[in-house]
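Input: a single structure, listed below in structure tokens.
Values below: every heavy atom of this structure, side chains too, minus hydrogens, waters and symmetry copies. Whatever order the structure lists them in is the order used to number ligands and atoms, beginning at 1. Keep in mind that this is a model prediction, so the values were computed, not measured.
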Amino acid sequence: MDHPQCHSLPQDLSDSLKEATMEVHTQAENAEFMRNFQKGQVTRKGFKLVMASLYHVYVALEEEIERNKDDPVFAPLYFPEELHRRAALEQDMAFWYGPRWQEAVPYTAATHRYVDRLQQVGRREPELLVAHAYTRYLGDLSGGQILKKIVQKALDLPSSGEGLAFFTFPNIASANKFKQLYRSRMNTLEMTPEVRQKVIEEAKTAFLLNIQLFEELQELLTQDPEDQRPSQTAGLHPHASSQVQGEDLLAAPYPVTVTVAVALYGMPTSLPLVLATPSP
Ligand code: HEM
């Protein structure tokens with residue numbers, strides 16, 4: 001341990017975060033999508049969907065990190081060479097969605113909510129960005145490595161790692177040592193007790209946003225029996241106007257845009273949903 005516990009001092013932020021998110025971590029592991037994943041029950045469709053969501057999430061997260069890289073509330077955690085996933089996810093998107101992936105990658109409602117929150121934090125409350133970076137990057141360096149092996153086997157993917165660049169951190173020799181370094185940097189951040197409490201709450205929110213994403217993806221998969229055209233598929237729309245064919249859920253002949261109100265963090269947020277209606 002870098003920081004032996006001292007009874008008269010407050011706990012290190014890294015320990016507080018781990019402790020405070022233990023329950024939501026268990027909840028995340030037990031989300032149906034994740035439970036199936038751990039059993040090797042992951043389909044190409046499901047995997048493509050979750051990777052597409054992660055693509056949008058990391059674009060937003062890393063844009064906000066770049067915005068705040070010189071701000072002392074985040075600067076000690078700026079490790080673009082080691083951690084940043086956008087370039088890796090772009091490679092994965094090309095593998096899974098083809099050369100015109102930018103038009104084909106779905107952008108679901110729960111992904112939207114997660115991106116909105118990241119942007120809000122990065123722009124208005126950058127002192128909370130640590131919570132989001134912690135939740136994703138330390139997760140990727142922990143359970144993410146287990147998930148990589150599972151998916152490689154389940155989907156019979158090439159050992160070259162194609163389609164799984166997201167899970168590979170070429171500039172990190174030891175995930176455990178890097179996590180230690182990251183924790184020690186988190187512990188150097190200066191913050192008032194009030195901000196510290198908000199950071200802890202934000203980390204729980206970050207986990208919940210991930211859980212909501214899994215729940216939505218599971219719902220979309222359940223609604224889409226393999227060989228049947230879905231009669232109603234909510235929550236998905238391609239990033240641009242072109243439609244995705246074949247196995248994808250997005251083959252919506254007549255997209256209709258509706259607006260639903262979703263209460264998140266006590267504030268109503270309007271989100272566009274695209275409902276696919278059946279062919280007449
Ligand atoms: C099937 C799903 C998952 C499995 C099997 C899994 C497994 C693990 C394992 C084994 C660790 C290491 C614990 C340790 O070193 O003490 C870990 C840590 C972590 N996981 Fe997960 N995890 C899963 C899902 C998630 C999700 C969805 C998130 C958040 C998006 C997440 C975020 C984290 C974080 C932030 C840590 C670091 C905790 C810390 O050391 O402070 N995990 N996970």
For the aromatic rings, using the six-membered ring if either is Trp, is the centroid distance between F178 and F79 under 6.0 Å? yes
Nearest to atom 38 (C) of ligand 1, what protein heavy atom do you find, and at what distance? Y134 OH, 3.4 Å
Give the residue and atom name of whichever protein heavy atom lies nearest to atom 10 (C) of ligand 1, and the separation in Å to one decimal. I146 CD1, 4.1 Å
Nearest-neighbour protein heavy atom for atom 37 (C) of ligand 1, which is reported as residue plus atom name and distance: L138 CB, 3.9 Å
Nearest protein heavy atom with distance in Å, relative to atom 28 (C) of ligand 1: F207 CE2, 3.7 Å
Atoms in ligand 1 with a heavy atom of Q38 nearer than 4.0 Å: 1 (C), 5 (C)
Looking only at side chains, do D92 and Y55 share a donor and an acceptor under 3.5 Å apart? no
Looking only at side chains, do D140 and Y58 share a donor and an acceptor under 3.5 Å apart? yes
Do any heavy atoms of L17 fall under 4.0 Å from ligand 1? no
Those atoms of ligand 1 less than 4.0 Å from some heavy atom in M34: 1 (C), 2 (C)
Return the residue, atom name and 0.1 Å-rounded distance of the protein heavy atom closest to atom 33 (C) of ligand 1. G139 CA, 3.3 Å
For the residue pair F214 and F33, does the interplanar ring angle fall in the parallel (under 30°), tilted (30 to 60°) or perpendicular (over 60°) class? parallel
Heavy-atom nearest neighbour in the protein, as seen from atom 3 (C) of ligand 1, with distance rounded to 0.1 Å: E29 CG, 3.5 Å
Answer yes if the side chains of S142 and K179 hold a donor-acceptor pair under 3.5 Å, and no otherwise. yes
With heavy atoms of R136 as the reference, note each atom of ligand 1 found under 4.0 Å away. 30 (C)
Validation row: Q11, E19 side chains within 4.5 angstrom (heavy atoms): yes
What is the minimum heavy-atom distance between L77 and V130, and which atoms define it? CD1-CG2, 3.5 Å
Output the list of atoms in ligand 1 that are nearer than 4.0 Å to some heavy atom of S142, sorted by atom number. 11 (C), 12 (C), 17 (C), 18 (C), 19 (C), 43 (N)
If you look at H25, which of its N/O/S atoms is nearest to atom 21 (Fe) of ligand 1? NE2
Pair T43, K48: side-chain N/O donor-acceptor within cut-off below 3.5 Å: no
Could you tell me which atoms of ligand 1, counted from 1 in the order shown, lie closer than 4.0 angstrom to a heavy atom of A28? 27 (C)
Any atoms of ligand 1 less than 4.0 Å from a non-hydrogen atom of F214? List them with their elements. 27 (C)
H112 vs Y107 aromatic rings, parallel, tilted or perpendicular, using cut-offs 30° and 60°? parallel
Give a yes-or-no answer on whether the side chains of R35 and Q38 include a donor-acceptor pair shorter than 3.5 Å. no
Less than 3.5 Å apart, any donor N or O on the side chain of E66 or Y78 sitting next to an acceptor on the other? yes
Which of the ligand 1 atoms, numbered from 1, are nearer than 4.0 Å to a heavy atom of R183: 39 (C), 40 (O)
Distance from atom 14 (C) of ligand 1 to nearest protein heavy atom, with residue and atom: K18 NZ, 3.4 Å
Proximal atoms of ligand 1 relative to N210 (non-hydrogen, under 4.0 Å): 30 (C)
For atom 7 (C) of ligand 1, what's the nearest protein heavy atom and its distance? G143 CA, 3.5 Å
